[in-house]
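Everything numeric here is computed off the predicted structure, so don't read it as measured data.
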Amino acid sequence: MTKQPEELLLLAESGRLLASVFTLLDRTPLEGRSTLEINDMVERFIVDELQARPASKGQYGYGFVLNSSINEVVCHGIPSPSDVLRNGDIVNLDITLEKNGYIADSSKTYLVGEVHPAARRLVEATQEALWQGIRAVRPGATLGDIGWAIERHAKRNGYSVVRDFCGHGIGREMHEEPEVLHYGKPGTGLMLREGMVFTIEPMLNRGRRSVRTEDDGWTVVTRDGSLSAQFEHTVAVTASGVDVLTLRPDEVQGSASL
């Protein structure tokens, strides 16, 4: 689970490239575009401009370069020409990228047009919860510290944390050890050490935390139809704390525009 310095440099490069994909999306008007159109745009950018590989395509038989999860879709939404983003939607775009054999993973929930204040609050709280978890990362801390920080923030804001999915180690493979839960107790679980690299990717619901998978075998939705949001970064444990490998230019350690 511990990466060598040369591996960390390669992971940082993959993270930097992936951050540039989100910079592209940040300046792309999403309203009126289909999720398949966005998928194809991202694929062209990763392959043609970045000379990298979209790591999700072909993983576990998945046929696309990103997940597009709209409104009550919690995760793993499949891009489709019929899913056209409308004013008021929220949509999570989850993307992985591999360069020189190493993978980075990140996601962001976008506000499409003018969204309801309740939806905006959910998205903001989810982004804040991610950063609460990131700030808990340092050598000697535990995975339970991360989960506790996230869950505490979610509950304080009246939201539930999805427990069916978690963050994960990442490197040459998309999913490595350890599993990073988004709930927990301080001081419990695996102790963090310098060189560990993993994702933190909390999913918060406006309603209950229960989810179900639709008949396509991929799309996960809230059981009660409530809105769900997610944010994700790939992070590395450093000697003094944490390095966010997928940090975007609009972010300053926890502050970012939606």
Side-chain angles (χ1 to χ4, degrees), residues 18 21-22 25 30 34-36 38-39 42 54-80 83 85 89-97 103-112 115 119 122-131 133-134 146-147 150-151 153-154 159-170 173-176 179-183 198-235 246 258:
L18 182 52
V21 178
F22 285 94
L25 289 167
L30 298 181
S34 74
T35 53
L36 182 61
I38 295 167
N39 175 88
V42 168
S56 294
K57 190 172 184 179
Q59 181 85 350
Y60 310 123
Y62 190 70
F64 303 89
V65 305
L66 56 78
N67 294 128
S68 51
S69 302
I70 305 171
N71 296 331
E72 75 280 2
V73 179
V74 176
C75 60
H76 302 162
I78 301 174
S80 168
D83 286 336
L85 296 177
D89 284 339
I90 63 172
V91 58
N92 178 267
L93 300 176
D94 189 345
I95 306 168
T96 59
L97 178 150
I103 300 172
D105 190 357
S106 187
S107 83
K108 177 177 178 177
T109 297
Y110 286 87
L111 307 175
V112 182
V115 306
L122 170 67
V123 173
E124 290 173 345
T126 306
Q127 186 176 44
E128 292 163 359
L130 167 65
W131 281 100
I134 290 172
I146 298 173
I150 291 169
E151 187 175 35
H153 187 78
Y159 304 117
S160 60
V161 178
V162 174
R163 295 193 173 196
D164 300 63
F165 302 93
C166 61
H168 50 86
I170 191 168
E173 301 294 333
M174 188 185 302
H175 296 114
E176 300 179 353
E179 290 189 341
V180 182
L181 304 182
H182 302 121
Y183 59 94
F198 48 83
T199 70
I200 304 175
E201 46 185 293
M203 306 167 197
L204 270 58
N205 295 347
R206 280 200 70 206
R208 297 183 179 275
R209 69 177 188 232
S210 299
V211 302
R212 63 175 178 84
T213 303
E214 295 194 331
D215 292 342
D216 60 21
W218 287 101
T219 307
V220 178
V221 299
T222 56
R223 282 192 176 274
D224 59 9
S226 62
L227 291 177
S228 185
Q230 181 188 19
F231 282 84
E232 174 184 11
H233 272 311
T234 298
V235 305
T246 48
L258 296 174

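- Looking at heavy atoms from C-beta onward, L25 lies in side-chain contact with I95 at the 4.5 angstrom threshold.
- Remark: D105 CG to L18 CG distance equals 7.5 Å, nearest 0.5 Å.
- Proximity of F198 to V235: side-chain heavy atoms (C-beta onward) are separated by under 4.5 Å at one or more points.
- Contact annotation: the side chain of F231 never approaches that of E201 to less than 4.5 Å [non-hydrogen atoms, C-beta and beyond].
- Closest non-hydrogen pair, T126 versus L122, comes out as OG1-O, 2.8 Å.
- Here E176 pairs with K3, R172, E173 under the side chain to side chain contact (heavy atoms under 4.5 Å, CB included) rule; sequence neighbours left out.
- The closest side-chain heavy-atom distance from D83 to S34 is not below 4.5 Å.
- Side-chain atoms of N67 and S69 include no donor-acceptor pair closer than 3.5 Å.
- With values rounded to the nearest 0.5 angstrom, D224 atom CG is found 10.5 Å from R212 atom CZ.
- Between L130 and E232 the shortest heavy-atom distance is CD2-N, 3.9 Å.
- Considering only heavy atoms from C-beta on, I150 stays 4.5 Å or farther from Y183 through its side chain.
- Going from atom CD1 of I146 over to atom CD of E151 covers 14.0 Å, rounded to the nearest 0.5 Å.
- Atoms CD1 and CD1, from I200 and I134 in turn, are 5.0 Å apart once rounded to the nearest 0.5 Å.
- Remark: F64 pairs with L36, N39, Y62, I78, P79 by the side chain to side chain contact (heavy atoms under 4.5 Å, CB included) rule, at least two apart or across chains.
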Counting only pairs under 3.5 Å, give me each side-chain donor-acceptor contact of residues 70-77, with atom names and distances, residues two or more places apart or in other chains.
from: N71; atom 1: OD1; to: I90; atom 2: N; distance (Å): 3.0
from: N71; atom 1: ND2; to: D89; atom 2: OD1; distance (Å): 3.0

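- Across every non-hydrogen atom of H182 and V161, the tightest pair is O-CG1, 3.5 Å.
- In this structure, L66 and D94 have side chains that are not in contact, with every pair of non-hydrogen atoms separated by 4.5 Å or more.
- Of all heavy-atom pairs between A125 and H153, the closest is O-CD2, 3.5 Å.
- In this model, no donor atom of one side chain and acceptor atom of the other lie less than 3.5 Å apart for S226 and N205.
- Taking the six-membered ring for Trp and thresholds of 30 and 60 degrees, F22 and Y110 have nearly parallel ring planes, at less than 30 degrees apart.
- At least one side-chain heavy atom of R209 sits less than 4.5 Å from a side-chain heavy atom of R163.
- V220 is not listed as a side-chain neighbour of V162, based on a closest heavy-atom distance of 4.5 Å or more.
- The two residues A129 and P202 come nearest to each other via the heavy atoms C-CG, 4.4 Å.
- Of the inter-residue distances, the one linking S160 atom OG with L204 atom CG reads 7.0 Å to the nearest 0.5 angstrom.
- A side-chain donor from one of T96 and S56 sits under 3.5 Å from a side-chain acceptor of the other.
- T199 places a side-chain N or O within donor-acceptor distance of the main-chain N or O of H168, the cut-off being under 3.5 Å.
- Put simply, NZ on K108 and OG1 on T246 are 12.0 Å apart, with the number rounded to the nearest 0.5 Å.
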